[in-house]
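Below is one structure, written out as structure tokens; comments come after it.
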There are 2 protein chains.
Amino acid sequence: MTVTLADVAARAQVSPATVSRVLNGNYPVAAATRERVLRAVDELDYVPNGPASSLAAATSDLVGILVNDIADPFFGIMAGAAQGAIGAPGAGRAGGEKLAVVCNTGGDPERELTYLTLLQRQRAAAVILTGGSLEDPEHLAAVSAKLARLTEAGTRVVLCGRPPLEGVSAATLAFDNRTGAQRLTEYLLSLGHRRIGYVAGPENRTTTRHRLEGHRAALAAAGVAEGPTVHGRYDRPSGYEVTSELLSRAPDLTAVVAANDTVALGVCAALRDRGLSIPGDVSVAGFDDLPFSVDAVPALTTVRLPLHEAGARAGRIALGAEEPPAGEPSTIPAELVVRGSTAPPKG
Amino acid sequence: MTVTLADVAARAQVSPATVSRVLNGNYPVAAATRERVLRAVDELDYVPNGPASSLAAATSDLVGILVNDIADPFFGIMAGAAQGAIGAPGAGRAGGEKLAVVCNTGGDPERELTYLTLLQRQRAAAVILTGGSLEDPEHLAAVSAKLARLTEAGTRVVLCGRPPLEGVSAATLAFDNRTGAQRLTEYLLSLGHRRIGYVAGPENRTTTRHRLEGHRAALAAAGVAEGPTVHGRYDRPSGYEVTSELLSRAPDLTAVVAANDTVALGVCAALRDRGLSIPGDVSVAGFDDLPFSVDAVPALTTVRLPLHEAGARAGRIALGAEEPPAGEPSTIPAELVVRGSTAPPKG
DNA sequence: TTGAAAGCGTTACCAA
DNA sequence: TTGGTAACGCTTTCAA
């Protein structure tokens, strides 16, 4: 039925062991023999049986990339970069390529665990967890336990965009959300804004908390009272919805900071629908510097996270092609990007 | 080291065969025995070895979803819906879940083939190819051959958003890009536009060709001469860049149709940068009805493709939970969505 | 440099 | 309803 390694061996008049060695390129084989084997592989259109080799070698070529929302370019950019880094160099166990796969958790803790189990079952070579994480202690414990099992079994674990995990020895690339958020609010304050609303992400998420902390730190340092803060999901409809609450609680807002650019989009749409001009009546600031959003709100002031670089680096670490950050988890800076859309308050 | 099925069997005082049957739930087992086995599984924290079972069963729980650009919500929405449909019902070979994985080809034909080979090697249960396809005969032949091998080996193949392939028996869900594009241009014509520019996608892509054909059909039916047409990539920077060429070739344009919403975003940005107002000076129309873009160009007129529904359906078909469209590949309608941003030409 | 053969952990068939 | 036991296709010592 399907062509096996034995078929190739027979055709090339060598032993299966030799074929395996040629294919894996990790063992000396005479040039002539290699030639013969490769020809046989070609002629028979042989494709190795992944499960079989994974079973024998006790590891697979699979690299899992977990994302919270695959429809959000924030994750798409990171995942794409990681996948690019993994697919490119071609370093499967056998010089064959790795299979970088993206798994969409939808931000659901259960699905996150399910995917980790699935990946564990597949004996994945590496797992990359991207984006902020839930802060529920129970869930964190479960994830930590799972990751510990994975690393134990030889799976490399990389945290990209979330803080390190208690008791898990994983390479960590954490964004400096806190400082970024602080800079953003400082900038608004420097323009003269004093009544600033804040649309936060879901409660219990690291990104939500860190960004909010940065925002509050800036306000505190300037001695400015915190404006209304509302929580919502990290998507556009949510930004749209919660804006009404924000305005009802403080109709005199001069600026709104959104948890991220996607949410900022919704905020802007809601403001426009109420006849408020941006930045004439209200200035809006975002976070992440997503290309999509920057178009939506011409020249949105936001914070740039190096999503592409972080993803690519995570990919290389997962591959073992780059040393993981030693000791302290490396913190990736968040850079304030000022564009024209943010103006001083009216009057 | 790691817990195996034999360990569970020993602990539960049954044979390995029985444990397998309990886990796969596809064979009668006495309730008491099942109970005992499940407890052992739990106590030992046993996770089945995927590669081993894939080898023995000659099929895996992997479902591959190929996308052209993972950072583009067009694909994100489809992939997310497919993944949701696949993850949800829990119908691995064993009542265990399937692992739906997204593979990013970047629109590169070679990577597309590489991923197909990788999935073939993994003995994937199903493969979903999303979005338009390259029309290069050589590449098409290679893909067809690959898909033929896959179906032969029992992998289900679903084409979602691209036309059927010669000689490949795959379930096909094709968007009616042609009619959608035609409606869109008809609408502009009905408003009185006569000088309409067109920003097409990359040459040799099915979506590019079909949408352009629809556009031309509308013009021909109305007896209106075709305006300038330029080709670019399916992304925002490309839309931005080619707009200058469009304007230099026809400074008197009153409307621009973009190959999709993402491109329309770039077009709008370029027009704004030249001081042209939308839709005051130039009306812009898109395609795909992406949430992101609709915000960017308040009330962009566009064509809605049921991305979510299509993706979910593709997922169910891949699972075998839904019958694939019989006989003729089912064509999914594209619906014109008129919003306020498109106006009659000035004067 | 090559070959022989013993696993790797499940599944599934055949008996019991 | 359960157990015994060949496969499944590859990797990897150990010898030659």
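Note on naming: letters A, B, ... go to the chains in the order of the sequence lines (proteins, then strands), and numbering restarts at 1 for each one. In this text, all values refer to a predicted model and were calculated from it rather than measured experimentally.
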Decide yes or no for Asp69(B) and Thr105(B): does some side-chain heavy atom of the first lie under 4.5 Å from some side-chain heavy atom of the second? no
Please write out the pairs of protein N or O atoms and N or O atoms of nucleotides 1-4 of chain C separated by less than 3.5 Å, giving the distance to one decimal.
from   : atom 1 : to       : atom 2 : distance (Å)
dT2(C) : OP1    : Thr33(A) : OG1    : 2.2
dT2(C) : OP2    : Ala30(A) : N      : 2.8
dG3(C) : OP2    : Ser15(A) : N      : 2.9
dG3(C) : OP2    : Ser15(A) : OG     : 3.2
dG3(C) : OP2    : Thr18(A) : OG1    : 2.7
dG3(C) : N7     : Arg21(A) : NH2    : 2.7
dG3(C) : O6     : Arg21(A) : NH1    : 3.3
dG3(C) : O6     : Arg21(A) : NH2    : 3.4

Enumerate the side chain to side chain donor-acceptor pair (under 3.5 Å) contacts for residues 129-142 of chain B, please, sequence neighbours excluded, ordered by first and then second residue. Glu112(B)-His139(B), Glu135(B)-Arg209(B)
Winner on side-chain proximity to Thr2(B), out of dG9(C), dG9(D), dC10(D), is dG9(C)
N or O in side chain of Ser20(A) less than 4.0 angstrom from dC10(D) OP1/OP2: no
Any non-hydrogen side-chain atom of Val157(A) less than 4.5 Å from a side-chain atom of Leu129(A)? yes
Taking atom types as modelled, is there a side-chain donor on Thr18(A) or Ser15(A) under 3.5 Å from an acceptor on the other? yes
Could you go through Arg11(B) and Val41(B), starting from their C-alpha distance and side-chain angles, then the distance that decides it, and tell me whether this counts as side chain to side chain contact (heavy atoms under 4.5 Å, CB included)? CA-CA 9 Å; Arg11(B) 177 144 182 127; Val41(B) 164; over 6 Å; no
Kindly indicate, with the supporting measurements, whether the criterion side chain to side chain contact (heavy atoms under 4.5 Å, CB included) is fulfilled by Asn49(B) and Thr4(B). CA-CA 8 Å; Asn49(B) 182 313; Thr4(B) 73; over 6 Å; no
Under a 4.5 Å cut-off applied to non-hydrogen side-chain atoms, are Asn24(A) and Ser20(A) in contact? yes
Tell me, please, which residues at least two apart from Asn204(A) pass side-chain contact (heavy atoms from CB on, under 4.5 Å). Leu134(A)
Does a side-chain heavy-atom distance below 4.5 Å link Gln120(B) with Val47(A)? yes
Taken to the nearest whole Å, CG/Leu5(B) to P/dA12(C) is 12 Å
Side chain to side chain donor-acceptor pair (under 3.5 Å) partners of residues 307-317 of chain B, not counting sequence neighbours, each pair once: Arg313(B)-Glu322(B), Arg316(B)-Glu322(B)
Between Leu23(B) (CG) and dT11(C) (C1'), how many Å, whole number? 12 Å
If you compare every side-chain N and O of Asn49(A) against the phosphate oxygens of dC8(D) (OP1, OP2), does one of them come in below 4.0 Å? no
Counting only non-hydrogen atoms, which of residues 39-48 of chain B are less than 4.0 Å from DNA chain C? Tyr46(B), Pro48(B)
Starting at atom CD of Glu35(B), determine the distance to atom P of dT1(D), rounded to an integer number of angstrom. 16 Å
Any idea which of dT11(D), dT10(C), dT11(C) is nearest the Thr4(B) side chain? dT10(C)
With five pairs defining each end axis, the helix from dT1(C)-dA16(D) to dA16(C)-dT1(D) comes out bent, to 10°, by 30°
